[in-house]
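For reference, the structure is listed below as structure tokens.
Every heavy atom of this structure was used, including side-chain atoms; hydrogens, water molecules and symmetry mates were not.
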Amino acid sequence: MRLTAISDSHGRKGNVFDIIEKNIENTDYFLCLGDCRNNDDFEDAMLYFGDKLHLISVRGNTDWSLAEPEEREFKLSGKRILMCHGHTYNVKATYLSLLRRARNIKADIAFFGHTHQPHISCENGIYIVNPGTASLGYYSIVDINSEKIECRNLKL
């Protein structure tokens, strides 16, 4: 199972489209971690790629008009995933609140954005992944199977 995470595109539709186009053939799900949809940053890609684009989204702090939740938790390939934008966990100061929430729901991976800084770490068995800002071409790829999780941050 491959996930491609995008966050904080802030109206840079071209970068979002390029990231999707580059990864659509090998990605099972694209994760939008917020501050991407208020400007309809995925709109053209959704029209162009249609049913091939499997998108899971959360609302960021600039996505005022969206009905998307601020947080999602779900399982894929036997791994529990938490995704949020991060502003409700004060991630610009510390990851402790996010990590506490991930631990409470027994998450294997916690995806977040908001800081615009790419970050990958593993804290007590929980992967913490921030793709950075798509406005500068940053994104993350996470490969999951029942045996392992592999994370990497990339730039267009």
By side-chain hydrogen bond (donor to acceptor under 3.5 Å, both in side chains), Glu73 pairs with (sequence neighbours left out) Arg101
Applying side-chain hydrogen bond (donor to acceptor under 3.5 Å, both in side chains) to Asp28 and not counting sequence neighbours gives none
Reported [atom1]-to-[atom2] distance for the pair [X] and [Y], which is rounded to 0.5 angstrom:
X	Y	atom1	atom2	value
Leu33	Ser140	CG	OG	8.0 Å
Thr27	Ile141	OG1	CD1	5.0 Å
Cys122	Ile149	SG	CD1	7.5 Å
Ile109	Leu31	CD1	CG	9.0 Å
Leu3	Phe30	CG	CZ	10.0 Å
Glu123	Leu96	CD	CG	8.5 Å

Next on the checklist: Is it the case that the side chain of Arg72 and the backbone of Ser57 share a donor-acceptor pair, with hydrogens and angles ignored and the cut-off at 3.5 Å?
Outcome noted: yes
Main-chain N/O of His10 paired with Asp35 side-chain donor or acceptor, under 3.5 Å: no
Identify the heavy atoms of [X] and [Y] that sit nearest to each other, and give their distance.
X	Y	value
His114	Asp8	N-OD2, 2.9 Å
Ala45	Ile20	CB-CD1, 3.6 Å
Val16	Asp41	CG1-O, 3.7 Å
Asp63	Cys36	OD1-N, 3.6 Å
Asn153	His119	ND2-N, 3.2 Å
His85	Gly60	CG-CA, 3.5 Å

Step by step, would you call Glu21 with Phe49 a side chain to side chain contact (heavy atoms under 4.5 Å, CB included)? CA-CA 9 Å; Glu21 186 172 49; Phe49 293 108; 3.9 Å; yes
TODO: List the steps, then state whether side chain to side chain contact (heavy atoms under 4.5 Å, CB included) holds for Ile144 with Ile81.
DONE: CA-CA 11 Å; Ile144 304 170; Ile81 296 168; 4.0 Å; yes
Exercise. Do Tyr48 and Phe17 have their ring centres less than 6.0 Å from each other?
Worked result: yes
- [ ] State plainly whether the residues Arg152 and Asp143 are in salt-bridge range, i.e. N to O under 4.0 Å.
- [x] yes
Requested in this report: Answer with yes or no whether the hydrophobic clustering places Phe74 together with Tyr127; edges join I, L, V, M, F, W, Y residues whose side-chain heavy atoms lie under 4.5 Å apart.
Outcome: yes
Quiz item: Hey, any chance Tyr138 and Leu154 share a hydrophobic cluster, counting ILVMFWY side chains that come within less than 4.5 Å of each other, even indirectly?
Solution: no
Notebook entry, point to check: With a 4.5 Å heavy-atom cut-off, do Ser77 and Asn145 have their side chains touching?
Noted result: no
**Message:** Quick check: do Gln117 and Asn130 have side-chain heavy atoms less than 4.5 Å from each other?
**Reply:** no
When Glu70, Glu71, Glu68 are each screened for salt bridge (Lys or Arg N to Asp or Glu O under 4.0 Å) with Arg59, the one that passes is Glu70
*asked:* Just checking Asn124: does its CG atom have more than 12 heavy atoms from other residues, nucleotides or ligands closer to it than 6.0 angstrom?
replied: no
Members sharing Leu82's hydrophobic cluster, built from side-chain contacts under 4.5 Å between Ile, Leu, Val, Met, Phe, Trp and Tyr, are Tyr89, Val91, Tyr95, Leu98, Leu99, Ile105, Phe112, Ile126, Ile128
* **Full working for side chain to side chain contact (heavy atoms under 4.5 Å, CB included) between Cys32 and Ile6** => CA-CA 5 Å; Cys32 171; Ile6 300 171; 5.7 Å; no
